[in-house]
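Step one of this worksheet: look at the structure below.
We number each residue from 1, following the sequence as shown.
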Amino acid sequence: MSQLIDESPKDDRHTHARDKVRRHGVVWLAYAFTARNLLRLLPPALLVFLLIGLLAVPALFVLVDGSAAVVNGDFELVGTPEPTLLKWAAAVLSISVAGQAVALPATVVLAAGLLVGKRVAVSGAMRAAARRWPAMAVLVLVGVVAFAAVLATGLGILMLLEAQFMAYAVMAVLALFAMPCLLAVAPVVLEGRSAKGALARAYRLTAGASGATAFTLAFGVVLFPMLAAQAVNRGVSGLPIVPAVAGYVLALIAVPFQAAVIARLFLHRLVIKGTIAEFKEIVDGLPESPPRAARLVPVLAALLLPGLLYGGAVLINPLGWPKVSETVVTATWPRDPDAEVLEEDGRPKPELGASELQSLHLGQGGRMVMLMDDFYPAKLLTCMDSTCAQTRLTWAEPVGVVPGYTAAGARLADGRLVVSTWAQEGADEDGEVLDHEKWRAWLGLLICDATACVPAPGGKPITEVTSSTQDRTVALAARPGGGLLVAQLSQLPLGGSNIAKEGLSITTCDDPACTRPRTKEVAKIPVHRYRDDDRGLIADVGPDDRPVVVRFDRETGSVFVISCDDPACGRARVEQPVQGSTYYSDGQAGAAMLIRADGRPLIAYLDVNDGAIKLLDCHTRECSESGTTTLSEPGRNTAPAMVLDRDGRALVAYQNLDREQLVIATCAGTRCTRTPVTTIPRRGGHGPAMALDGRGRPVLAWTDFGDGNDWDLVVTTPLTLR
């Protein structure tokens, strides 16, 4: 009788626990239970992953010292990870999985104890989980194999039958069938079973309610935590530091919720299908150790410490990572023209095309202005603020311009732009030639501020073209005294040698409107010309007002330098410092040129032989003597852009498509350092445009192409460089 009286309180406790876990609605009851006991359930995940984070994050910061940046206030790996980073990621992933194989079962022990009214110490739960780690390792391996099999099956159906819905349906069914693998964690740690025995136990317990238990595990352990992570990520996207910190905290908090669902579902199914003796055995087998009260301050400190360290590292930036501001200008823009929205001249509202970026300039009021043109009238895209988060897109050229004649632009001293434009007659509104004999086109100029363009007041036609099949390339440059230089290339008839040549003419103007143009044919260049060859002709004027023109042959990679002995170009010299070859790479070739204070040109170009970006340092003004510095690795790079900063250094920007990086090379003479500043998410574009903003910082505009209409225009501003 005394023995029955002694066991009565324990039996009552067991009965109360069985009645409590017998209730249906496992996910919601488990989540509510976790919310009430979160401080008690968090320590295993904190202990495991805090140690992993404190070891992994400093190692990451050291390993990525040369390929990381602070983009929009947050740490970012730039480009394709190096092999050392991949090894680090694999090591951290392996250690994290091993840590999860301890943290999750330890939390299951704590949750089971709280569910049955038995307080278990964290140390006891951790020891119990550590003893069962070999069996948990086998369960992890089984889970990985099951996931791979589900994925391979879906991909196989997709590849063989091209039935996307069927592939997803089959994957969903297989994933639900594999869900009891998660439930097997409980019999491993609570009953001491082997991995094989735990899997068999889990599938036996789900018998009779296999669908309900599979969905309970799928939603409670997998889907709801994933949806919560996505919701939080969307809610804090765009904020610096917060997304990474929130993701880490949410990953830790998810472990107690997942463990509570597993523990409650296991006990729930055990009570429904099992015996009283089995339930008592599990309850009595929970580790006997007096628990310590969970304290809010230490738990919160451990929860937030990695985030605080991460945020401090990003804000203080002790390793000197480049700081970058970046805006995806077209992130929310439509890709197709809206023909129903008309402007005053009756044209559709201007829309951007994927290949329209021509040049970038510092406009009036410190605004950055992009000249956009392809086979339609040119446009101006103006950044209304320093981040280019707000923009204004307007037509630059009027109705009736010649399609396919790419506009050129140059910045005047007051911040306005001068833009070339071609008027025509003998063609319809779509540019189709009605009468080839009567067709005419005239080269004129537009003067543009940040919002609109008007014909140059008093300007005269610079060139008349009488053949609709004659290609023309134009380059503009502002002269030191306020005038303008216009360089033009035109195809010449084949001579007796059958060698294709182009004629280069230079027009000098005393004012930006070019009211008195003076044009002179200065050179004939043996170049194989491409129709869309805007990056193949660059013009500039030195401090002494003498013009220099660079012609880059995209087919052979040859570089021609045409220099004038006087401002009117009474005599021109033609040098070919880069001979080129007969090999042509992938159409990304191009060049950039600037003239230094002593009048010597500096030319950046893409070598078509190996794809490397090279810097041609002209030792003389006509570039009869020069030296070459290689700025990039050979491979797939885009045409470069180049500016001189306020310290007289040359900044050369290009897209490294192999490493998926946008790179700036900073050169003092021929000593250059490369700094990756951001990542190219898709396949890159045709090369960046670059200019200095009002603070002397380089601003880069570049396009990133995906498939079809999947592309974006991006503006990246390095706030600091190494």
Review point. What do you reckon, is CZ of R204 surrounded by more than 12 foreign heavy atoms closer than 6.0 Å?
Key: yes
Practice item. Would you check if V70 and P322 make a side-chain contact, meaning some heavy-atom pair closer than 4.5 Å? Key: no
Practice item. With the side chain counted from C-beta on, respond yes when L29 and R264 share a heavy-atom pair under 4.5 Å apart, and no when they do not. Key: yes
Review point. Is there a donor-acceptor contact under 3.5 Å from the side chain of D712 to the main chain of V329?
Key: no
**Study point:** Spacing of T717 atom OG1 and L719 atom CG [to the nearest 0.5 Å]
**Key:** 6.5 Å
Point to revise | Pairwise distance OG1(T678) to CD(Q655) - rounded to 0.5 angstrom | key: 10.5 Å
**Study point:** Short side-chain to backbone donor-acceptor contact, T213 and A209, under 3.5 Å
**Key:** yes
Review point. Below 6.0 angstrom between ring centroids: does that apply to F33 and F257?
Key: no
Check your understanding: Would you say the side chain of V324 lies within less than 4.5 Å of the side chain of N72, judging by non-hydrogen atoms?
Key -> no
Review point. For the residue pair F224 and W28, does the interplanar ring angle fall in the parallel (under 30°), tilted (30 to 60°) or perpendicular (over 60°) class?
Key: tilted
Check your understanding: Is E660 paired with R682 through a side-chain N to carboxylate O contact shorter than 4.0 Å?
Key -> no
Review point. Taking everything shown except Y203 itself, do over 12 heavy atoms lie less than 6.0 Å from its OH?
Key: yes
Check your understanding: Are any side-chain N or O atoms of D385 and backbone N or O atoms of C388, one a donor and one an acceptor, separated by less than 3.5 Å?
Key -> yes
Check your understanding: In terms of heavy-atom contacts, does CD of E281 have more than 12 from other residues, nucleotides or ligands at under 6.0 Å?
Key -> no
Review point. Considering only heavy atoms from C-beta outward, does the side chain of F49 approach that of Q100 to under 4.5 Å?
Key: yes
Point to revise | Pairwise distance OG(S67) to CD(E76) - rounded to 0.5 angstrom | key: 11.0 Å
Check your understanding: Once you round to the nearest 0.5 Å, how far does CG of N656 lie from CG of L662?
Key -> 10.0 Å
Check your understanding: Do the side chains of L700 and V715 get nearer than 4.5 Å, heavy atoms only?
Key -> no
Review point. What's the verdict on side chain to side chain contact (heavy atoms under 4.5 Å, CB included) for F266 and L205, showing C-alpha distance, side-chain angles and the deciding distance?
Key: CA-CA 8 Å; F266 175 74; L205 287 177; 3.4 Å; yes
Exercise for review: Any chance you could measure L182, atom CG, to T216, atom OG1, to the nearest 0.5 Å?
Suggested key: 12.0 Å
Practice item. Indicate yes or no: at least one non-hydrogen side-chain atom of S96 is less than 4.5 angstrom from one of I52. Key: yes
Check your understanding: Quick one: does T675's side chain get under 4.5 Å of P718's, heavy atoms only?
Key -> no
Study note, to complete from the structure: Output for pair (H24 NE2, I272 CD1), nearest 0.5 Å, gives 5.0 Å
Review point. Do W702 and T716 have side-chain atoms, one donor and one acceptor, less than 3.5 Å apart?
Key: yes
**Study point:** P44 side chain reached by V102 side chain, heavy atoms, under 4.5 Å
**Key:** no
Point to revise | Enclosure of W88 CH2 (heavy-atom neighbours >12, cutoff 6.0 Å) | key: yes
